[in-house]
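Keep in mind that what you see is a predicted model, and the values were worked out from it rather than measured.
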Amino acid sequence: PGFIWTVLLFILAVSSLEAQTYTFTNAGATGRTGPTQSQVNSAYSGGSLEGDVTINTQGIQEWTVPATGTYTIEVWGAQGSYQTGSGFHYGGGGKGARMKGEFNFEVGDIVQIIVGQKGENSIGNEDNEAPGGGGGAYVWMDENPVIIAGGGAGGSRTPRETGDATDDMNGNHSGSL
């Protein structure tokens, strides 16, 4: 049930042996700091990532590439949250962007991954109680970005066209007061 609002990051490894899918999540983390090692260990227990993901900085998952080959990486930014007030549900948060690409990695490469969380909802009706935008999904190696997907905008108290993330430089806003 928690995965409805969770950003997922899939890495599909295709090598001469067999295809393997690795699914990275936010490991149940909420807020802006991301998962701890304990959360990652629990979330990946019994799966293809068990024991293979390290957290040296909270929120940044480090994974060592197990085999040289071409990897298909698909990332989604998290959805923004919504605002409620006075018994009404105002504008919903925008959807995160989805990006996909193929990348070559070598055995032993260390890939760093951030899986953003859904923005936190705002329950108040005050101007300073704005809902949060969704976190982005980031994959990089050796301080170089590999693939990034932006999160959706937080909702607003006014109707909006869209607060969905886009795949261009301009994006969308969720509305104004």
### Message
Just to verify, what does Q58 make a side-chain contact (heavy atoms from CB on, under 4.5 Å) with, not counting sequence neighbours?
### Response
T33, T36
### Query
Side chains of V75 and I148: closer than 4.5 Å at any heavy-atom pair?
no
### Query
For the residue pair A97 and A149, what are the closest heavy atoms and their distance?
O-CB, 3.5 Å
#### Entry: Contact summary for A137 and W76, nearest pair of heavy atoms
CB-O, 3.4 Å
### Ring centre gap for F105 and Y71 strictly below 6.0 Å
yes
#### Entry: Any T25 side-chain heavy atom under 4.5 Å of Y44 side chain
yes
### Summary
Scanning both residues in full, the closest heavy-atom pair of E50 with G46 reads OE1-N, 3.0 Å
### Partners passing side-chain contact (heavy atoms from CB on, under 4.5 Å) against Q112 (at least two apart in sequence or in another chain)
I60, E62, W140
### Spatial distance of atom CZ (F24) from atom CD1 (I73) [nearest 0.5 Å]
8.5 Å
#### Entry: Heavy-atom check, side chain of V65 versus side chain of V107, under 4.5 Å
no
### Query
If you measure from CD1 on I113 to CD1 on I147, what distance do you get to the nearest 0.5 Å?
11.5 Å
### Task
Under the side-chain hydrogen bond (donor to acceptor under 3.5 Å, both in side chains) rule, collect the residues that match up with S48, sequence neighbours excluded.
none
### Message
Just to verify, what does T64 make a side-chain contact (heavy atoms from CB on, under 4.5 Å) with, not counting sequence neighbours?
### Response
I110
### Query
With a 4.5 Å limit on heavy-atom distance, are the side chains of W63 and L49 in contact?
yes
### Message
Under the rule for side-chain hydrogen bond (donor to acceptor under 3.5 Å, both in side chains), what residues qualify as partners of N144, not counting sequence neighbours?
### Response
none
### Message
Nearest 0.5 Å, please: how far is OG1 in T68 from CD in E106?
### Response
5.5 Å
### Task
Apply side chain to side chain contact (heavy atoms under 4.5 Å, CB included) to the pair E74 and R98, showing each step before the final yes or no.
CA-CA 7 Å; E74 187 167 355; R98 174 189 168 273; 2.7 Å; yes
### Task
Just jot down the side-chain contact (heavy atoms from CB on, under 4.5 Å) partners of I55, sequence neighbours excluded, or say none.
Q37, V40, Q61
